[in-house]
J.: 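Let me give you the structure first, and then I'll get to my questions.
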4 protein chains.
Amino acid sequence: MATSGERRTWRRRAQARPDEILSAALDAFIASGFDAATMDDIARRAGVTKGALYLYFESKEQMLRALIDREVRPLIARVEALSVMETDDPAALIKQALLLVTGALADPRLFALPRLIIALSGRFPDVVNGYRDDVVGPARAAIGRLVMRGQALGQFRAVDPVAAARAIIGPMMFEIMWAHVLHGESDLGRSAGWIEAQVDVLIKGLEPRGAQS
Amino acid sequence: MATSGERRTWRRRAQARPDEILSAALDAFIASGFDAATMDDIARRAGVTKGALYLYFESKEQMLRALIDREVRPLIARVEALSVMETDDPAALIKQALLLVTGALADPRLFALPRLIIALSGRFPDVVNGYRDDVVGPARAAIGRLVMRGQALGQFRAVDPVAAARAIIGPMMFEIMWAHVLHGESDLGRSAGWIEAQVDVLIKGLEPRGAQS
Amino acid sequence: MATSGERRTWRRRAQARPDEILSAALDAFIASGFDAATMDDIARRAGVTKGALYLYFESKEQMLRALIDREVRPLIARVEALSVMETDDPAALIKQALLLVTGALADPRLFALPRLIIALSGRFPDVVNGYRDDVVGPARAAIGRLVMRGQALGQFRAVDPVAAARAIIGPMMFEIMWAHVLHGESDLGRSAGWIEAQVDVLIKGLEPRGAQS
Amino acid sequence: MATSGERRTWRRRAQARPDEILSAALDAFIASGFDAATMDDIARRAGVTKGALYLYFESKEQMLRALIDREVRPLIARVEALSVMETDDPAALIKQALLLVTGALADPRLFALPRLIIALSGRFPDVVNGYRDDVVGPARAAIGRLVMRGQALGQFRAVDPVAAARAIIGPMMFEIMWAHVLHGESDLGRSAGWIEAQVDVLIKGLEPRGAQS
DNA sequence: TATGAATGAGCGTTCATTCAT
DNA sequence: TATGAATGAACGCTCATTCAT
């Protein structure tokens, strides 16, 4: 007797649940940290009861893992896509990739995840390992690929590409993190300009010495 | 029954108690994070009972605050001392200061504090504010002073000194943090060499363009 | 779309459902006890969903009641059948009846029911009452009838037939129960031989004193 | 400033707590079974809060173990004491031991423990193993010792002593258990007379055939 | 100054039961 | 007849904090 429309509504709801719950969990983790966030709080934010959470996730920790996956994978995928594009101006792609990442991490909701990783490292080793293998490693590799391309084109000096990637990504990340931590969630704008300038400087640092002004 | 010698020992211990407790708290926070560390665990590590903790500290949160104070002030004081020394080689002092800080933070017990700050920012705003005003600010100012000295001596280019300080400190800190987070407490040595080299590069970046090789 | 063959299959399954569910419930109760067995577990074992359980049974408790009914009635019926057979060797029938019961209860699936009764007595008085009236009473009466027959034939001494039945059944039951409880489900064989010998001894105990070797 | 009297009061209370809690636990287990009894219920019966329970016991299961120990050890100790007494009438000691045990188990609070063992066997193997090794085994051995003494004196036939012990204890236990289970906690008196008579019969069964009337 | 028994609120998780479909 | 999402009340257990001693 149920129309297919009604059925679809219900189904859609059920299928959207995990996503809604993860968003609620993210909010709760941002507000209270992983330990202090309660399943009740997450449930309330998601508009379901506590029990319903366990229909979709086995535990709070697994929810964290799923959350990292959901939030971070698309970003790293875009960076990887950038890194395999054909180009004769890899410096531009590097800048694009860095601004993509820094722009995304300027959002407190996205930045919350590295922050959680930092806070929980040492206690949930596989969360950290997953992050290292699925996020940090690929990101370094992607930037490293672009550096190699620049080297092949004679635009960059012959340095270890992955080390160079680390040297470029690190300062950016730290600045963003510190801006979030020290200023709260407000005036990231002030850093944003600084960041774009820094990106230019860092990339220029890869050029052959003679090419520098 | 107590000889004055015994009494003195006892006094000394009693006066050392808050310190012993803070050390125990630090160990506990490192092992479990702020939320997951229990007062029982801290008491056990300090060799006292749970109740005794409250003789010296009002609450777990206050203990955290006292801990940050105790751990971080001496380090920043040494950096400030460096920054006001008379010298005609400020680059050497900058390097010394950076290696002082990075060396100290390589110790997981000291690194734990920035990690706690990062993890708890947003929940304890005044903890963060205190850290910004008493640690981050002074550190940037100190390095900035040395940069200015180098500019006055014509050894460095004319850039904003505090911005330069940020650009030097940031990459160091991030690399240390990531080493702690991703590798656990083990192979910081691998990064250590990298760090010293990076310090040289970063300082050289301050020199006038013509001076570069 | 459904052929009548398919329909019949479906009908048959639908009608077999309550039975399948009860079997699943028995397995679950054996594995975990009544309280610790979950409806989910029962449903999984029955190959249906949790909700479907409530189509056939009002509650977990009612399921227990139905289960006891189903499992225990056929066995007691066979004992009763034995007890009303015409015979001039009632001792043989008693032995047959006892071995029937002990043999059946050697199966953990059947023994589970007395175990459940024992465990739950005091909480579900009517379960116990039902068991007493429908199982224990009839069993004692049946054996008692055979004892009376033996007395009528002059083969047994003049003792209270039901008391004699109790004295015969009790040791058997206890030995089986203890074998299950103490050894787990493994070496009931060791007791089995012992049991047959005991049955002989117990029955012989009913014979007139002079008849004993 | 505390008088030693006050102190003693407080101490006495604290030292009596585990016992009070175990009694409360026993009541709760009797009323609801192990699974259905809640820690809250136990705490309420003991007059403390739930948390206080965990000052003395690690878990509900450990409480069960401690309870078995407390309730059952003294009884078995008394049986063992009986079994090593010098005597030239071991039959009398066997009867005394059996009446000791059956008399004790007539108390529903004591009988509750074997009942719990039966209910939980298969799920808490070490609870069961402990019971087998510390209770059932020693009890059989003790009765067996008395049987051997009777055999040495020529008063009993040459049968396996431990098997004889099993054959004597089993029927008693079963009758008690069934009385508890079927009649609830009320009219054990009716069985008590039956039991004493049975004990006589069972012991007489050990005598040489010729000695029987 | 120090103890340690005790509290009480709360946590992550479970589960018998319900009900729209 | 059957599903499976959802509930809501508990449950075993924990812990920061208090306080009589």
Side-chain angles (χ1 to χ4, degrees), chain A residues 1-4 6-11 13-15 17 35-43 47-61 63, chain B residues 10-11 13-15 17 35-43 47-61 63, chain C residues 10-11 13-15 17 35-43 47-61 63, chain D residues 1-4 6-11 13-15 17 35-43 47-61 63:
Chain A
M1 290 300 154
T3 73
S4 93
E6 277 166 351
R7 182 162 207 100
R8 214 177 298 132
T9 301
W10 170 70
R11 286 271 167 117
R13 196 76 206 279
Q15 247 147 15
R17 273 283 140 81
D35 289 295
T38 74
M39 293 301 261
D40 254 326
D41 183 21
I42 295 170
V48 297
T49 54
K50 217 175 6 172
L53 262 32
Y54 290 86
L55 258 24
Y56 302 98
F57 301 96
E58 296 184 337
S59 68
K60 202 171 149 186
E61 187 183 337
M63 231 159 80
Chain B
W10 174 73
R11 279 268 176 99
R13 288 218 64 183
Q15 256 149 9
R17 272 284 143 80
D35 290 295
T38 73
M39 293 301 260
D40 248 330
D41 185 20
I42 294 170
V48 297
T49 56
K50 217 173 8 172
L53 263 30
Y54 289 86
L55 261 21
Y56 302 99
F57 303 97
E58 295 183 337
S59 69
K60 203 169 144 185
E61 187 183 334
M63 232 160 76
Chain C
W10 173 75
R11 278 268 176 100
R13 290 219 61 184
Q15 255 147 10
R17 274 286 142 81
D35 290 296
T38 72
M39 294 300 260
D40 248 330
D41 185 20
I42 295 170
V48 298
T49 55
K50 218 174 3 173
L53 263 30
Y54 288 86
L55 259 23
Y56 301 99
F57 303 97
E58 295 183 338
S59 68
K60 203 169 144 185
E61 187 182 334
M63 231 159 77
Chain D
M1 290 300 154
T3 73
S4 95
E6 277 167 349
R7 183 163 206 98
R8 216 176 298 133
T9 303
W10 171 69
R11 287 270 167 117
R13 195 76 206 278
Q15 246 145 16
R17 272 285 140 81
D35 289 296
T38 74
M39 293 303 261
D40 255 325
D41 184 21
I42 295 170
V48 297
T49 54
K50 213 175 7 173
L53 264 31
Y54 290 88
L55 259 23
Y56 302 98
F57 302 97
E58 296 183 335
S59 68
K60 201 172 150 186
E61 188 184 335
M63 231 158 80

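Letters A, B, ... are given to chains in the order of the sequence lines, protein chains preceding strands, and every chain is numbered from 1.
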J.: Mind listing the closest non-hydrogen atom pair of A/K60 and A/A37 along with its distance?
T.: NZ-O, 2.7 Å

J.: Between E/dA5, F/dT7, E/dT1, which nucleotide gets closest to the side-chain atoms of B/Y56?
T.: E/dT1

J.: For nucleotides 13-18 of chain F, give me one character per nucleotide, 5' to 3': B if any protein heavy atom sits under 4.0 Å from the base, S if the only such contacts are to the sugar-phosphate, - if neither.
T.: BBSBBB

J.: Under 6.0 Å from the CD atom of C/E58, do we count more than 12 heavy atoms belonging to anything else shown?
T.: no

J.: Which atom pair, heavy atoms only, marks the closest approach of B/M39 to B/S59?
T.: CE-C, 4.5 Å

J.: Under a 4.5 Å cut-off applied to non-hydrogen side-chain atoms, are B/I42 and B/M63 in contact?
T.: yes

J.: Suppose we screen for side-chain contact (heavy atoms from CB on, under 4.5 Å). Which residues come up paired with A/T49, at least two apart in sequence or across chains?
T.: A/A52

J.: Whole angstrom is fine here: how far is it from CG in D/L53 over to C1' in F/dC11?
T.: 13 Å

J.: Please give, in whole Å, the distance from E/dT14 P to A/F57 CZ?
T.: 15 Å

J.: Let me know the distance between CZ of C/R17 and P of F/dT1, rounded to the nearest Å.
T.: 11 Å

J.: Output the pairing pattern of DNA chain F as a dot-bracket string, 5' first, Watson-Crick or G-U wobble with both distances under 3.5 Å, | for cross-strand pairs, [ ] for crossing pairs.
T.: .||||||||||||||||||||

